[in-house]
Amino acid sequence: MLLSSKVTPRLAACLCLVAGLLLASPTIAQKVPAAAEPAALENNEELSESLANDVLDLSVAARDRDLPKVANFWSADFQPTRFPSQPGANKVEVRWIQTHPWTAPVPVQATIGNVGPVSARDVFLADWADFLAHFPEVEDIRFKVKQSTFEPDAKAIVGAKVPTAIEGARGKALIAFFVVGRNAENQREWARGTANVTVRYGAVDSKPDSEKRWQFLTFDIASLQSMLATKDIFSEVSASAGTAVTLPAFGQSGSNSFIYRGAAAADFNNDGWIDLFVCGADRNYLYLNDGKGHFKDVSHEVGLDNVEPCVAPVAFDYDNDGDTDVFLTNVGSQMLLHNHVNKDGSFKFEDISVKAHVNHEAIGFSAAVGDVNGDGLPDVYVTSYNYYGQVVPDSWYKATNGTANLLFINNGDGTFTEQAAKWGVDDRRWSYAAEFVDIDGDGKLDLYVVNDFGEKALFMNKGDHFVDEAEARGVIDPGNGMGVSFGDYNNDGLLDLHVTNMSSTAGNRILTRLFPKDTPKENVLKKLAAGNSLYQNMGKGMFHDVTSDIGGLSGGWAWGGGFIDFDNDGWEDLYSPNGFISGKSMKDT
């Protein structure tokens with residue numbers, strides 16, 4: 001697959017990714033249809049992106065309840081159909097979670113009030129207004145282009161700074177949309193649906209200077225359902241709890257680094273209350289829990305002033321003295337803080353990184369703690385990335401040119417020895433996160449490592465070394481991995497595996513056009529855009545991918561998170577944070 005010299009920068013990354021993967025995977029390359037020539041792909045995706053940008057404008061107008069502006073997205077010759085604006089009866093799904101359908105009003109009204117005959121567009125938009133009135137408070141409304149096809153004569157303007165269609169272009173698309181807000185009963189509600197639409201690009205009206213955009217000719221609802229919570233489980237209390245920190249927006253002075261920061265929760269002063277250690281962009285924070293719903297910043301008092309801002313902390317008692325210490329990963333030298341708790345509850349951290357021999361250089365993104373050699377002492381594994389932006393991964397789904405991960409073996413005398421190579425876990429695959437767990441029940445801790453740009457590792461502990469058995473055990477999970485968590489999702493007594501990856505609406509749109517019949521299990525390209533994964537432990541440490549069986553886990557640009565029983569019903573739920581730095585506009589693939 002060759003890249004055209006006219007490919008726009010916006011699409012170049014997508015095409016380079018696809019081209020590189022196709023070259024690396026002859027089997028997939030043989031399946032690429034002839035229609036997937038770069039010029040045709042570029043034209044179709046420019047048209048798709050142009051449509052996607054316009055429906056983002058629609059999203060903003062709808063969120064602002066600007067009905068006149070919303071109307072501009074529907075053509076004057078819109079074909080008669082109704083928007084399902086009438087909520088159906090609620091159905092209990094899981095304890096405090098309910099769902100309800102939406103139905104279209106009947107019969108079709110030919111007039112609205114006393115204004116006389118009205119157009120199909122006016123009736124449809126009146127339905128939309130009724131639907132939106134169900135939400136006195138709106139948090140977000142979003143329309144997205146999931147799939148799209150265009151007529152052969154539909155063309156995009158080559159070289160346009162912003163994807164733009166030539167007037168008269170027509171096409172069909174599958175649009176996904178959602179509304180998140182609160183209903184009249186003040187319950188948090190999430191309405192989500194899909195619609196099969198036909199669209200045309202052209203002037204909004206007949207005025208000479210009329211703006212041009214995509215308009216809907218048809219908008220046929222394929223699905224629409226709401227999910228609501230009968231009570232709020234969580235409230236955002238960072239300000240009242242004393243942990244709110246405001247930093248400059250990304251790109252401004254003091255906030256221009258792509259280093260990601262983490263936090264750890266533990267009882268650092270042994271008073272029975274969980275405290276917070278936070279790696280900040282400007283400094284590190286230690287918040288002490290007063291047991292009354294409030295935290296006090298005691299960073300200065302506990303000796304953090306001279307400790308470099310860390311990337312990720314992990315709390316553990318490295319010397320088994322009963323006080324919780326902290327290991328800090330960093331881009332640079334790794335750190336270990338020894339905690340000294342006094343009888344009166346006061347405590348102070350001492351930086352013993354050099355004395356403990358953990359001050360090794362790495363691009364440390366996170367750390368995991370476990371007793372690797374069974375001597376009763378906690379050891380530390382550090383996942384090390386690379387300088388993305390300066391170093392290009394040598395593969396998009398099998399990269400091996402990251403930096404070596406570290407394994408610090410606890411010597412029991414206050415020092416550690418780095419032995420990642422000796423134990424066979426000096427993984428160089430752009431590692432993000434790791435977790436120790438006994439996969440096969442043999443009493444030895446195994447290690448799962450999540451890697452970006454490709455395959456994961458499941459290092460099985462053989463007593464004095466590890467062997468990567470990820471592929472044999474069914475959890476190699478190609479994808480842009482950034483988080484890992486083990487939990488028993490089906491309550492069968494076996495630990496299952498949740499891995500956070502990235503999912504991409506635009507990527508899936510392109511790949512569906514290229515490989516309409518393939519599933520993520522059959523096509524590594526689709527797997528890379530599919531999102532998070534859930535693997536069921538089938539016993540003896542063998543796993544089965546059940547992601548699609550449980551509904552799919554498309555979490556956007558997902559990071560950490562994992563299993564937690566939110567509602568205390570005895571079943572493990574999943575939480576997945578997501579998001580990333582974008583451009584100044586939402587119009588950014």
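Looking at S431 and N405, their side chains do bring a donor and an acceptor atom within 3.5 Å of each other. In this structure, a donor-acceptor pair under 3.5 Å is present between the side chains of N501 and D477. Residues T500 and N532 have side chains that never bring a donor and an acceptor to within less than 3.5 angstrom of each other. Looking only at atom types and distance, the side chain of S366 has a donor-acceptor partner in the side chain of T383 under 3.5 Å away. Between T324 and D267, the side chains place no donor N or O within less than 3.5 Å of an acceptor N or O (distance only, hydrogens not considered). For S503 and S554, the side-chain atoms include at least one donor-acceptor pair closer than 3.5 Å. Side-chain contact check for Y535 and D496: no donor-acceptor pair (N or O, by modelled atom type) lies under 3.5 Å. Judged purely by distance below 3.5 Å, without hydrogens or angles, the side chains of Q334 and T329 never pair a donor atom with an acceptor atom. A side-chain donor-acceptor contact under 3.5 Å links Y385 and D452. Between the side chains of Y285 and D282, at least one donor N or O sits under 3.5 Å from an acceptor N or O. N270 and D323 share a donor-acceptor pair across their side chains, judged by distance under 3.5 Å alone. Side-chain contact annotation: E301 with S299, donor-acceptor N/O pair under 3.5 Å absent.
Using modelled atom types, no side-chain atom of D518 and backbone atom of E522 make a donor-acceptor pair closer than 3.5 Å. N480 places no side-chain N or O within donor-acceptor distance of the main-chain N or O of M502, the cut-off being under 3.5 Å. Between the side chain of S235 and the backbone N or O of V237, no donor-acceptor pair lies under 3.5 Å. D438 contributes a side-chain N or O that, together with a main-chain N or O of G443, makes up a donor-acceptor pair within less than 3.5 Å. Side-chain atoms of N386 do not come within 3.5 Å of backbone N or O of Y388 as any donor-acceptor pair. Counting only distance, with no hydrogens or angles, the side chain of E418 and the backbone of A420 share a donor-acceptor pair below 3.5 Å. The closest donor-acceptor contact from the side chain of D290 to the backbone of F295 lies at 3.5 Å or more, if one exists at all. Although no hydrogens or angles enter the test, the distance criterion places a donor-acceptor pair under 3.5 Å between the side chain of S485 and the main chain of F563. Under the 3.5 Å distance criterion, the side-chain polar atoms of N537 are matched with a main-chain donor or acceptor of L495. For the pair N289 (side chain) and G293 (backbone), a donor-acceptor distance under 3.5 Å is absent.
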Original post:
Could you walk me through whether N339 and V326 pass the side-chain contact (heavy atoms from CB on, under 4.5 Å) check?
Top reply: CA-CA 8 Å; N339 186 8; V326 188; over 6 Å; no

**OP:** For side-chain contact (heavy atoms from CB on, under 4.5 Å), just list the numbers for W423 and N373, CA-CA rounded to whole Å, side-chain angles, deciding distance to a tenth of an Å, and then say yes or no.
**Re:** CA-CA 10 Å; W423 281 79; N373 53 6; 4.0 Å; yes

Subject >> Derivation and outcome, salt bridge (charged side-chain N to carboxylate O under 4.0 Å, His left out), residues E139 and R182 >> reply: CA-CA 8 Å; E139 179 180 327; R182 290 187 179 273; over 6 Å; no

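Minimum heavy-atom separation, L553 to S533: CD1-C, 4.2 Å. Here the shortest heavy-atom pairing between V392 and N401 reads O-ND2, 2.9 Å. For D573 against F566, the heavy-atom pair with the smallest separation is OD2-N, 2.8 Å. When all heavy atoms of K456 and D468 are compared, the closest pair comes out as O-OD2, 4.4 Å. Smallest separation of non-hydrogen atoms from A367 and V314: CB-CG1, 3.9 Å. Nearest heavy atom pair, residue I274 against residue A265, reads CG2-CB, 3.6 Å.
No side-chain heavy atom of V358 sits less than 4.5 Å from a side-chain heavy atom of V380. A heavy-atom distance below 4.5 Å is not found between the side chains of E189 and M227. F543 places a side-chain heavy atom less than 4.5 Å from the side chain of L497. Inter-residue side-chain proximity for L447 and V425 is flagged as met; some heavy-atom pair is nearer than 4.5 Å. F459 has its side chain out of reach of V467: every pair of non-hydrogen atoms, C-beta onward, lies at least 4.5 Å apart. In this structure, V484 and H498 have side chains that are not in contact, with every pair of non-hydrogen atoms separated by 4.5 Å or more. Between L494 and M542 the shortest side-chain heavy-atom distance does not fall below 4.5 Å.
The only member of D488, V94, N491 that meets side chain to side chain contact (heavy atoms under 4.5 Å, CB included) when paired with W571 is N491. Paired with H338 under the rule ring-ring contact (aromatic ring centres under 6.0 Å, His included), one option of F327, Y318, F347 passes, and it is Y318.
The distance from atom OH of Y387 to atom CD1 of I363, rounded to the nearest 0.5 Å, is 4.5 Å. The distance from atom NE2 of H360 to atom CE of M335, rounded to the nearest 0.5 Å, is 14.5 Å. Interatomic distance, CG of L406 versus CG of D427, reported as 11.5 Å (0.5 Å rounding). A distance of 8.5 Å separates CG in L276 from CZ in F268, rounded to the nearest 0.5 Å. Of the inter-residue distances, the one linking M482 atom CE with N578 atom CG reads 9.5 Å to the nearest 0.5 angstrom. Between atom CG of residue L228 and atom OG1 of residue T99 there is a gap of 8.0 Å, rounded to the nearest 0.5 Å.
Residues D442 and K462 are not paired through a salt bridge, judged by the lack of any N-O separation under 4.0 Å between the basic side chain and the carboxylate. Ionic pairing of K355 and E350 is present here: one or more N-O contacts between side-chain nitrogen and carboxylate oxygen are shorter than 4.0 angstrom. Looking at R429 and D394, no side-chain N of the basic residue comes within less than 4.0 Å of a carboxylate O on the acidic one, giving no salt bridge.
Within 6.0 Å of NZ in K444 there are more than 12 heavy atoms belonging to other residues, nucleotides or ligands. Heavy atoms of other residues, nucleotides or ligands lying less than 6.0 angstrom from CD of E308 number 12 at most. Atom NZ of K422 sits in a sparse spot, with 12 or fewer heavy atoms from other residues, nucleotides or ligands closer than 6.0 Å. Under a cut-off of 6.0 angstrom, the local environment of OH in Y575 is sparse, with at most 12 non-hydrogen atoms contributed by other residues, nucleotides or ligands.
When ring centroids are compared, W559 and Y260 come within the 6.0 Å threshold.
Annotation: cation-pi geometry satisfied between R192 and W190 (NZ/CZ under 6.0 angstrom from ring centroid, within 45° of ring axis).
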